[in-house]
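Scroll down for the structure; my scribbles are underneath it.
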Amino acid sequence: MTLPPRYIPAEHEPLVWKRWTTDPSRPFHADPKRVDRGAKPNHAPGAKRPPYCIVIPPPNVTGRLHLGHALNNTLQDILTRAHRMMGFETLWMPGTDHAGIATQAVVEKRLRESGELIGPLRGSEKFTREKFVERVQAWKEEYEAAITEQLQRMGCSCDYDRQRFTMDEIGSRAVREAFFRFFRDGLIYRGKRLVNWDPVLQTAVADDETEMEEVDGFFYYLRYPLTEKVTLPSGEVIDHVTVATTRPETYLGDTAVAMNPDDPRAKALVGKRVRLPLVGREIPIIQDSYVVLPAKDPDAPEVDAKAKYTTGFLKVTPGHDPNDYELGLRHKLPMINIMAPDGTISDKHGWTDVGEAKLFLGLKVSTAKAHKLVTAEFEKLGLLQEKKPYRHSVSHSERSGVPIEPYLSDQWYVKVTDDRMAPSANKALHSGEIEFHPARYAKTYESWHDNIRDWCISRQLWWGHRIPVWRKRITLTEKNWYDELIVPGLDDINTKESTKAGICLQLVRVATGTVVPWRTEEKKFFLFSFRRDSWLPVTKADEGEYDIFICTNDDSIYSPAALQDQGFERDPDVLDTWFSSALWPISTMGWPDGAESAKLDPRSDDFDALLKAFLPSNVLSTAREIITLWVSRMVMFSRYLMPEGWPQDQDLSHSGQGRGPVPFPDVFIHSVIQDGQGRKMSKSLGNGVDPLDIIDHYGADAMRFVLCNMTTQTQDVRMPVEKDPKTGKNTSPKFDMGRNFCTKLWNATRFALMNLGGGDAGSAASAPSPSGRGQGEGFQSSPARSSSSSSSSSSLIDRWMLSRVASTIKKVNESLANYEFSIYAQQMYDLMWRDFCDWYLEAIKPTVKTDASQQAVLRAALDSILRLLHPVCPFVTEALYEQVRLVAGAPVAGLNVPPSASGLLCTAPWPIAADALIDEKAEAEFLFLQELTDAIRTARATKNVEQRRKITLHADADLIARLSKDRVAGGMVESLAGLERVTADKPPQDAVLFTFRARECALSNLADAMDPAAEKTSLAEQVAKLDKDIAALAGRLNNAGYIQKAPPKLVEESKALLAQKEAERAAAARRLGELG
RNA sequence: GGGCGCAUAGCUCAGCUGGCUAGAGCGCUGUCUUCACACGGCAGAGGUCACAGGUUCGAGUCCUGUUGCGCCCACCA
C-alpha cells in the first residue's frame, strides 16, 4: 500500500487541524510560566525558554478576511511556527476589532437596504441605541466567527484560548483606564474645533477616514458690496470686491474678507467693510499673507491653480473651512455655524443674523442645488460676476461616500502633540528601540509625528466604547461656587488616597471653550482634591456658565446611577476605534489589572504572568497604510501607559508618561497585493479574492507558499485575477505553483518512504492515525551526539545533499531573521525540488535500496526539509511527518533532527546542522557531474536521440578516473545521462563531439545512422558562437585598464575562460574538417 | 505641493555593498506516459535590463535628468 500520487488538501487539512488542537500538549498555547527572557531556546519539557510573541493586527468585524489579511497572517504564522520549532515559548495573540464607524456604516446600510431603517438612525422610532447596538452585536458575532474560521482554515497557529475582541470586557477595561489616565494627566481635553463631519452618518470622522475624489464644479465669482466707495492706488473707484469660491452657500458664514498685504490694493482696502448680500452682516477686510496673489498671467501653464483663479480677495468662513478656521483664530474672527448636523443650512446651531437669507434655510450644503439657488440670488442682485468650470478634489467620507463638511463642534481630543506622546514615539525610533523593515518606512512614521495634530477621539456613533465621562452644566458665581462644584459623596472617596482607582474632573468655560485648571495648593491640575481649604475661590471675573466633566475609571467609586442623581449626564459619544486599537498590545495581555483581569475573563488565569512574559512582543506585521493610524498610536500609548522601568517595575499603576517600553521592537511592513492591472483589490471593483476560495481550490499550503514567495521587499505586488468559469469565484493562476509544489513534496516523500521500506504509507491518506504516539519512533538516540561512524556516508552525493541541507538551514535562518520571506520560499523551492528531487532522488535510485547509510541520509534530509518547510506549508508537512517519523533511520552526524516529543511536526525541533556539513568540495565536484550530465543530455536532445537509447561516452583518462572514483556518483551520470558505458576508446567516425570544461569528449551509438550534414551545420554554429565569445574575452583582456585595475582573480578567470573557449573552438573546427 | 516605490523574457517577479556569459515560476516549442510525481521528467526558444547623460577598466546594479505607472501625506479660494 502506498500514498496516492496526489496530495488532496481537503482530505488532510481538517484532520491535521484536529490533531493540533486536540493534542494534550496544546502546541499553540503559550505558558507564561515557562518564559525566561534570559534563557536559551530549547524544547525540554518544563524548561524555561525565551518568549516569542506576535499580537495579531485585529481584523475588522466588518466582513470576511481578504487576500491581504491572508498574506499578513501567513507571514505571522510563519514567524510564529518557526520560532516555536526553534524552542521559543511562542504566543500569537488573536482577536478582532469592533471597527466602530466601519461596522456601524455597514450595518446601517444593510438595515436601509432591507427597509428596516428609513431616515436617520438617531431619532429613528424603530431603533433605540440599545436595539441598534444589539443588531451590530449580532453582525459582529457572525463575522468574528467567520474570521476565526478563516484563520483556522489558513492554518494560523494562534493561541485561540486567549482570543480577544476590542470591545470585550478586558478591552473595555483597558480603554476606560487609559482614558482616565490621559484625562487625569491633562492629555484628554474637550474642545470646540473644526472637524470632518459626515452628514449622513452624522458623526465626526478622522482625517484618515476620508478620501479625496476629483469633482467637476465651478468657480463662482461673487461681488460683496463695500459699505463705502474706495479709491484704489490706480485711481479706480470701486464699490465692491469680488471673491472667488467653489462653495457659494458658505458665504452665509463669512466673517471677513482677506487679502494679501503685498497686494497693491491692500493699503486702500484693509480695514474697510463689506456687507454680505441678503444676510446684511458687515464684515471687515483683513490682511493675511496666507492669501494667494493673483497671477500676472493667469494663462501661463505652470501657474498655481489658486493664483490662476483668485481675485486676490478671499472670503473667510471660519466655521466651514479648515484654512479659514486657522485664519479666524489668528485674527480672532467670530465663527458662525450655518449648518445642522444633517448638512442642511440652519439658523438653529449658532447662526443668528439670518436676515433676508431665510430662503436658504433647509438647503443641503455642497449640493448643486444650493450652489444654484445662492448664485441665482446673487445674479438677481447683479452680484454674480461670472462662473468658470473647475475640476478639483474634494474629501469624501470613506464610509458613506458623501462629501465631508468641515463643521464646528465640541469634541474630545488627545493631546498627542504633548512631548510625552508623539515626540516620545520618535525618540523610540531614533534610539533604535523600534526598527522598521524595510527601513525606509521609518520615514513615514517619523514625519507623521513631526506634523501631527491633536487627535479627535469622539465619534457621534452608537457602536463603540462609550466615552467614560459625565457632564453637568453649571453656573458659577462668587457665592455659589462651592456648592455647585462639590459633588456629594466624593469627600469619602478622597480619603482613600488611592492612586489606582480614581475620579477626576475637568471644568470647561462654556463661553470660551477653555479648560479651567483646578487651582489647588498642590497644583495638581485635574486631580481632584476634595479638601475645601485647598481650593481658591471663584472670583467675579470667573463667573459664568461652565461644563463640569467627571471621569472615573471605576464604577464602584461613583456609580452611574449616583452621578445621574446629581444631575450628570453621560457623554453620548463613543471613542474612535483606534483608541482601543492603540491599547491592543497591552490590553490583550491584561493591562491594567494584571492578575485581577482573570475576574473579567476566567479563560486565562495567568494574566499577571502574561504581560510580564510577553510584553514587549517581538514584531508587528502590518500594511503600510497602518503606520500612521495604528503603529504610531500603539507606540505612544504603550510608552505613556506602561511603567518606565518595565519589566523591572511591574506596578501597572505607574505610567511611564512617554518613557515606558515600546510595544514591539520590530515593525514589518508587507507589500500590498494588487490585481493584474495594478489596482487595489476591493469589493466595488469586484476583483477581490477570498482566501477560502483559494484554499478550497488549491489548499491552504499552496496559498501560503505563494504568498510567502511573493513577499519581496517592494511596495506592491500584482496578482492577476481570473474568474473561475465553474464556480464564478475569483482566483489566480499564481497559486498553481504552490499546489504543484505541495504535490511534488508529497510524491518525493512517497518515493522516499518506499525506499526506506518503513511506514505504511497508505494510512496517511486513507486512515490517518488519531495520534502517532505509542508507535516506535524512528530514532534510537540523539543524532547530534552519535559518532560519525554510526552512519556517515562517504558517498559524494550524500555529502552533497547534506551540504545543501546545511547551507539551506543557514540561509533560511537568516531570511527569517531579516523578514525576507521570498528568499525563504525560494530557498525551500530550490532545496526540495531542484536539489532533492531532480538530483538527489534520481541519483540514489540505483543504490538506496541496499545502502543503509544512504537511507539514513535520505531520511534525515527529508525530515529536515519537512521541518524547514513546515512554517510555510504546515498541513502537508504535518501529514507527511506523521508517516516519516515512523520510519527508522540511523542518525546522521552533524544534522540534528531529533524526534518531536509530541509526535507533531509543529513542535518538532528546528533542524540544526554543523557547519562542517557545508562541504564546498563536494558541492564543486557535484556541480562538475551535474554539468557533465547536462552536457550529455543537451547533446542527446539536440541530436534527437531516442529517450531509451543507451549511448557511449568517450572521454579522457582523467574524466574516467573522476567518474569511477565514486561509484554512486559515476553511476548517477550514467543513469541520468542514459549511458551504456564510458570508455577511453577513440570515437568512431559517426560520433558526435562535444567539449566539456575544455575536455574533448564524444558520444557514439546515438542512432542507427548519423546525419553528417546536420552535424556539420551544428558544428559551424558552435564555431561562430565561440568566435563571438572569444572576441569579447580577448577584447576585455586587451584592455590595459582591466588588467591593471580589476581584481587579479577576475583576470585569471577571464584568461582561463578564454583558453577554454579557444580549445573548444579548435576542437570543433578540427571535427568540422574531418567531416569534410 | 512633500515623501516613497516601481519600470528587467508574452505574464508575475528575483538580481544585496558594480564583474552577468542577466535568473526563477507561469506561458510557449519539441520530446517522453521509464515502476515518486503529466499538478511530472528532459531539452529548447524568448531580454539593445523605460529613455538620455555621467562616474568607472567594467553599469541591470552608482550619480544626474526625462518619461510613464502606483501608493502615502498635505490641499475643498
Side-chain angles (χ1 to χ4, degrees), chain A residues 2-3 5-7 207-208 212 215 217 219-220 243-247 258 291-292 304-306 309-311 313-317 321-324 366 390 392-395 403-404 406 440-441 443-444 447-448 451 624-625 627-628 671-672 674 676 678-680 698 702 706 709-710 712-720 732-734 736-755 820 822-823 826 829-830 834 837-838 841-842 845 934 937-938 940-942 944 946-948 976 978 1029 1032-1033 1036 1039-1047 1050 1053-1054 1057:
Chain A
T2 52
L3 293 173
R6 284 218 184 149
Y7 169 61
D207 290 343
D208 40 67
M212 301 310 278
V215 162
F219 252 114
Y220 301 93
V243 297
T245 179
T246 53
R247 303 181 62 204
V291 180
V292 175
D304 172 73
K306 281 179 185 169
Y309 286 95
T310 189
T311 59
F313 298 97
L314 174 69
K315 64 190 276 304
V316 184
T317 324
D321 180 284
N323 294 310
D324 293 6
S366 295
Y390 181 58
H392 60 141
S393 51
V394 174
S395 81
I404 287 292
R440 68 182 116 91
Y441 291 113
K443 218 169 184 171
T444 308
S447 62
W448 166 257
N451 302 312
R624 63 176 180 278
E625 72 257 29
I627 295 172
T628 53
S671 41
V672 171
Q674 303 171 331
R679 300 173 307 181
K680 243 182 169 171
Y698 292 94
V706 169
N709 188 238
M710 60 196 248
T712 59
Q713 304 289 100
T714 47
Q715 287 201 132
D716 309 310
V717 175
R718 285 188 191 192
M719 164 151 310
S732 173
K734 281 211 115 183
D736 287 350
M737 185 241 218
R739 181 198 49 196
N740 298 351
F741 180 79
C742 292
T743 307
K744 188 74 179 176
L745 174 71
W746 180 263
N747 281 296
T749 307
R750 197 159 77 109
F751 174 74
L753 288 172
M754 286 171 179
N755 284 285
E820 292 166 335
S822 172
I823 295 176
Q826 213 59 56
Y829 186 96
D830 288 342
R834 303 275 82 102
C837 292
D838 289 352
L841 292 185
E842 294 300 332
K845 271 180 182 173
D934 282 342
R937 280 171 165 176
T938 303
R940 287 181 64 117
T942 50
N944 295 319
E946 273 178 47
Q947 196 86 11
R948 283 178 215 222
L976 296 194
D1029 293 350
L1033 280 165
R1036 190 187 301 168
N1039 183 334
Y1042 181 70
I1043 303 290
Q1044 285 159 19
K1045 296 189 182 171
L1050 218 65
E1053 275 172 22
S1054 299
L1057 195 60

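The analysis underlying the following values was restricted to heavy atoms, covering all of them including side chains, and did not include hydrogens, waters or symmetry mates. First the proteins, then the strands, lettered A, B, ... as listed; each starts at 1.
- Taking every side-chain heavy atom of A:Q715 into account, B:G70 is the closest of B:G70, B:U34, B:A36.
- Distance from the side chain of A:N740 is smallest for B:C39 among the nucleotides B:A43, B:C39, B:A36.
- Within 4.0 Å (heavy atoms only), A:K744 reaches at least one base atom of the nucleic acid.
- Within the 4.0 angstrom heavy-atom criterion, only backbone atoms of the sugar-phosphate kind lie near A:Q826; the bases stay farther away.
- Within the 4.5 Å cutoff, side-chain heavy atoms of A:L1050 are placed close to those of A:Y1042.
- Comparing B:G23 with B:U29, their P atoms sit 23 Å apart, to the nearest whole Å.
- Counting non-hydrogen atoms under 4.0 angstrom, A:D324 reaches nothing in the nucleic acid.
- For A:L1057, the listed nucleotide lying nearest its side chain is B:U21; candidates were B:U21, B:C39, B:U12.
- One finds no side-chain N or O of A:T743 lying less than 4.0 angstrom from the OP1 or OP2 phosphate oxygen of B:C37.
- Distance A:W448 CH2 to B:G2 P: 20 Å, rounded to the nearest Å.
- Counting non-hydrogen atoms under 4.0 angstrom, A:P5 reaches the backbone sugars and phosphates but no base.
- Minimum atom distance to the side chain of A:R6 is reached by B:C39, of the listed B:A43, B:U31, B:C39.
- Using a 4.0 Å heavy-atom cutoff across all strands shown, A:T712 reaches sugar-phosphate atoms only and no base atom.
- A:A1046 comes within contact range of at least one nucleobase, with a heavy-atom separation under 4.0 Å.
- You'll find that the side chain of A:Q947 is closest to B:U34, out of B:A14, B:G70, B:U34.
- Heavy atoms of A:P1047 sit under 4.0 angstrom from at least one base atom.
- Among the protein residues, A:R247 comes within range of the nucleic acid bases, having at least one heavy atom under 4.0 Å from a base atom.
- Using the Watson-Crick or G-U wobble rule with both distances under 3.5 Å, B:G46 pairs with nothing in any strand shown.
- The gap from the C1' atom of B:G15 to that of B:C75 amounts to 40 Å, rounded to the nearest Å.
- Remark: B:C6 base-pairs with B:G68; criterion is Watson-Crick or G-U wobble with both hydrogen-bond distances under 3.5 Å.
- Comparing B:G44 with B:A52, their C1' atoms sit 36 Å apart, to the nearest whole Å.
- Going from the C1' atom of B:A9 to that of B:C4 covers 28 Å, rounded to whole Å.
- Using a 4.0 Å heavy-atom distance criterion, A:I404 is classed as a base contact.
- Among B:A36, B:G5, B:C69, the nucleotide with an atom closest to any side-chain atom of A:L841 is B:A36.
- Summarising the geometry, the separation between CD on A:E625 and C1' on B:C73 is reported as 13 Å, rounded to the nearest angstrom.
- Look at the P atom in both B:G60 and B:G19: the space between them is 10 Å, to the nearest Å.
- In this structure, the CZ atom of A:R624 is 11 Å from the P atom of B:C6, given to the nearest Å.
- Note on A:D838: only backbone sugar-phosphate atoms sit closer than 4.0 angstrom, heavy atoms only; bases stay farther off.
- Computed from coordinates, the A:Y441 OH to B:C71 P distance equals 13 Å when rounded to whole Å.
- Across B:G3, B:A24, B:C37, the shortest atom-to-atom separation from the side chain of A:R834 is found for B:A24.
- In the interface, the side chain of A:E820 is not paired with the base of B:A14 through any donor and acceptor atom under 3.5 Å apart.
- For B:C62 and B:C28, the C1' atoms lie 37 Å apart once the distance is rounded to whole Å.
- Proximity note for A:M754 (side chain, C-beta onward) versus B:G3, B:A36, B:U12: the nearest is B:A36.
- Comparing B:A43, B:G19, B:U33 against the side chain of A:R948 picks out B:U33 as the nearest.
- Look at A:T714 and you'll find a side-chain N or O under 4.0 angstrom from OP1 or OP2 of B:A14.
- Among the atoms of the strands shown, none is found under 4.0 Å from any heavy atom of A:C742.
- Nearest to the side chain of A:R750, among B:C4, B:C37, B:U34, sits B:C37.
- Judged by distance alone, the side chains of A:R750 and A:N747 do bring a donor and an acceptor atom under 3.5 Å apart.
- Using the Watson-Crick or G-U wobble rule with both distances under 3.5 Å, B:C62 pairs with B:G54.
- Phosphate contact (OP1/OP2 of B:G3, side-chain N/O of A:T444, threshold under 4.0 Å): absent.
- Side-chain nitrogen and oxygen atoms of A:K443 include at least one within less than 4.0 Å of the OP1 or OP2 phosphate oxygen of B:C4.
- Distance noted for atom P between B:U55 and B:C16: 24 Å (whole Å).
- Nucleic acid contact class of A:Y829 (heavy atoms, under 4.0 Å, all strands): sugar-phosphate only.
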- Task: Go through the steps to decide whether A:R624 and A:R440 satisfy the test side-chain contact (heavy atoms from CB on, under 4.5 Å), and finish with yes or no.
- Result: CA-CA 11 Å; A:R624 63 176 180 278; A:R440 68 182 116 91; over 6 Å; no

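- Counting non-hydrogen atoms under 4.0 angstrom, A:V292 reaches a base of the nucleic acid.
- When the P atom is used for both B:A14 and B:U31, the distance is 35 Å, rounded to whole Å.
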